[in-house]
Amino acid sequence: SATFVVVVVALLGSQRCAAPIERYVVGEPAPHDIVARYDFDVEDHALTEERRQQAREAVPDVYVRDSDREVRVAREIAELFAEGRAAGAVQPSGADALSRVPPDALRVLESRNWDPAIEEVLTTSVRRVMRGMIVGNKALLQSEPAIEVLHVPGSREERLTDYGAIMDLDEARDRVRREVSRMLDLPGGEEAALGRLAAVFVDTNLAYSPEQTRERRDRAAQDAIPVMQRVAKGTVLIREGERITAHDLEIVAADRRGS
């Protein structure tokens with residue numbers, strides 16, 4: 001009958017739980033040896049934390065590449081020439097675009113009436129150099145086995161282990177000065193002055209991101225799989241008289257679940 005089935009199930013289910021469940025308190029001594037009743041797995045917190053730390057360390061420093069920086073710099077050069085043509089020979093004052101121009105370069109630009117051909121050379125030279133990656137201090141990269149480069153805007157990423165293509169700021173500015181000299185056909189002094197002007201506009205476009213690095217390392221640690229240890233049936237979990245810890249209770253609870 002249905003009643004008989006319920007009674008049998010209840011009896012079968014009660015066999016595993018026949019022994020009274022003792023209550024243990026953190027800080028109290030174990031009243032007797034507490035022994036594992038089943039084989040079960042329990043997390044090894046120390047090894048899990050070690051694994052999480054290894055996961056963090058496996059994530060390289062993240063650098064953000066500002067791919068639009070060259071576009072903004074080209075706009076700044078255009079604004080400079082527009083302001084120069086509007087101002088004529090008037091000496092600049094304040095924080096306008098002309099105030100960035102070295103005096104020798106300003107004299108060249110004024111003497112050549114802010115020639116659009118010179119503007120084109122400066123813009124092309126600066127943009128060509130800034131298409132590469134420019135970092136403030138390349139020496140800091142040499143100690144890193146790899147870096148992760150995040151290109152913004154967008155979501156393209158690449159991992160670099162060879163930093164030969166990355167320029168530091170001094171190298172990039174020297175390169176743009178040579179590029180200007182190569183493209184212009186002017187007296188040497190004028191070319192040098194305009195090269196120095198172009199170098200003023202060259203800026204870093206690759207920078208270390210502590211926020212991105214921390215976020216990715218935290219995520220890697222969270223994704224690390226906990227280290228589980230097998231406890232065999234009959235293993236003494238807590239010896240009689242030992243003070244019970246919170247970790248002890250976690251192990252006892254795992255045993256009672258029979259996992």
Practice task
Examine the side chains of Glu57 and Gln53 and answer whether a donor and an acceptor come within less than 3.5 Å of each other.
Solution key: yes
Practice task
Output yes when a side-chain donor or acceptor of Asp203 lies under 3.5 Å from a complementary backbone atom of Leu169, and no otherwise.
Solution key: no
Exercise for the section: Check whether any side-chain N or O of Asp68 sits under 3.5 Å from a backbone N or O of Val152 as a donor-acceptor pair, and report yes or no. Expected result: no
Problem - Side-chain (Glu190) to main-chain (Pro187) donor-acceptor, under 3.5 angstrom - result: no
Handout entry: Electrostatic pair Arg85-Glu119, nearest N-O below 4.0 angstrom
Key = yes
Practice task
Starting at CD1 of Ile147, measure out to CD of Glu158 and round the result to the nearest 0.5 Å.
Solution key: 8.5 Å
Practice task
Check side-chain hydrogen bond (donor to acceptor under 3.5 Å, both in side chains) between Arg177 and all other residues, then give those that pass, not counting sequence neighbours.
Solution key: none
Exercise for the section: Please examine the side chains of Ile134 and Arg69, heavy atoms only from C-beta on, and report whether any two atoms are closer than 4.5 Å. Expected result: no
Handout entry: Flag side-chain contact, heavy atom, 4.5 Å: Arg51 against Ile225
Key = yes
Handout entry: Flag if over 12 foreign heavy atoms under 6.0 Å of CG, Asp223
Key = yes
Problem - Electrostatic pair Arg178-Asp174, nearest N-O below 4.0 angstrom - result: yes
Completion exercise
Hits for ring-ring contact (aromatic ring centres under 6.0 Å, His included) against His151, two or more places apart or cross-chain, chain-then-number order -> none
Problem - Minimum heavy-atom distance Ser111-Val108, with the two atoms named - result: OG-O, 2.8 Å
Exercise for the section: Without swapping roles, check the side chain of Thr161 against the backbone of Ala146 for a donor-acceptor pair under 3.5 Å. Expected result: no
Handout entry: Spacing of CG belonging to Asp170 relative to CE belonging to Met167, to within rounding of 0.5 Å
Key = 12.0 Å
Problem - Non-hydrogen side-chain atoms of Val180 and Leu122 separated by less than 4.5 Å - result: yes
Fill in the blank from the handout: side chain to side chain contact (heavy atoms under 4.5 Å, CB included) filter on Glu179, not counting sequence neighbours, yields Ser125, Arg128, Arg182, Met183
Practice task
Answer yes or no: is there a side-chain heavy-atom contact under 4.5 Å between Thr204 and Val135?
Solution key: no
Handout entry: Atom pair NZ (Lys138) and CD1 (Ile166), whose distance is rounded to the nearest 0.5 Å
Key = 7.0 Å
Problem - Asp104 side, atom CG; Leu197 side, atom CG - distance, nearest 0.5 Å - result: 9.0 Å
Could you give the side-chain donor-acceptor pairs of residues 26-36 under 3.5 Å, partners two or more places apart or in another chain?
{"unit_1": "His32", "atom_1": "NE2", "unit_2": "Glu22", "atom_2": "OE1", "d": "3.2"}
{"unit_1": "His32", "atom_1": "NE2", "unit_2": "Glu22", "atom_2": "OE2", "d": "2.8"}
{"unit_1": "Asp33", "atom_1": "OD1", "unit_2": "Glu240", "atom_2": "N", "d": "2.8"}

Problem - Same apolar cluster: Val231 and Val227, side chain cutoff 4.5 Å - result: no
Practice task
Any chance you could measure Asn137, atom CG, to Gln142, atom CD, to the nearest 0.5 Å?
Solution key: 9.5 Å
Problem - Heavy-atom closest contact (Tyr163 atom, Leu141 atom, distance) - result: CE1-O, 3.1 Å
Handout entry: Test item: Leu80 and Phe201 side chains (from C-beta on) under 4.5 Å apart, heavy atoms
Key = yes
Practice task
Salt-bridge test for Glu171 and Arg175: reply yes if a basic N is under 4.0 Å from a carboxylate O, no otherwise.
Solution key: yes
Fill in the blank from the handout: Between the CD atom in Glu191 and the CG atom in Leu184, the distance rounded to the nearest 0.5 Å is 5.5 Å
Problem - Residues in side chain to side chain contact (heavy atoms under 4.5 Å, CB included) contact with Glu120, at least two apart in sequence or another chain - result: Thr124
Practice task
Decide, yes or no, whether a salt bridge links Arg217 with Asp61 under the criterion of side-chain N to carboxylate O below 4.0 Å.
Solution key: yes
Handout entry: side-chain hydrogen bond (donor to acceptor under 3.5 Å, both in side chains) partners for Arg52, two or more places apart
Key = none
Practice task
Please answer: with hydrophobic residues joined when any side-chain heavy atoms are less than 4.5 Å apart, are Val64 and Val59 in the same cluster?
Solution key: no
Practice task
State, with a plain yes or no, whether a side-chain heavy atom of Glu148 is found less than 4.5 Å away from one of Gln212.
Solution key: no
Problem - Close side-chain approach of Asp248 and Leu237, heavy atoms under 4.5 Å - result: no
Practice task
Taking the side chain as every heavy atom from C-beta outward, state whether Met133 and Val149 have any atom pair closer than 4.5 Å.
Solution key: yes
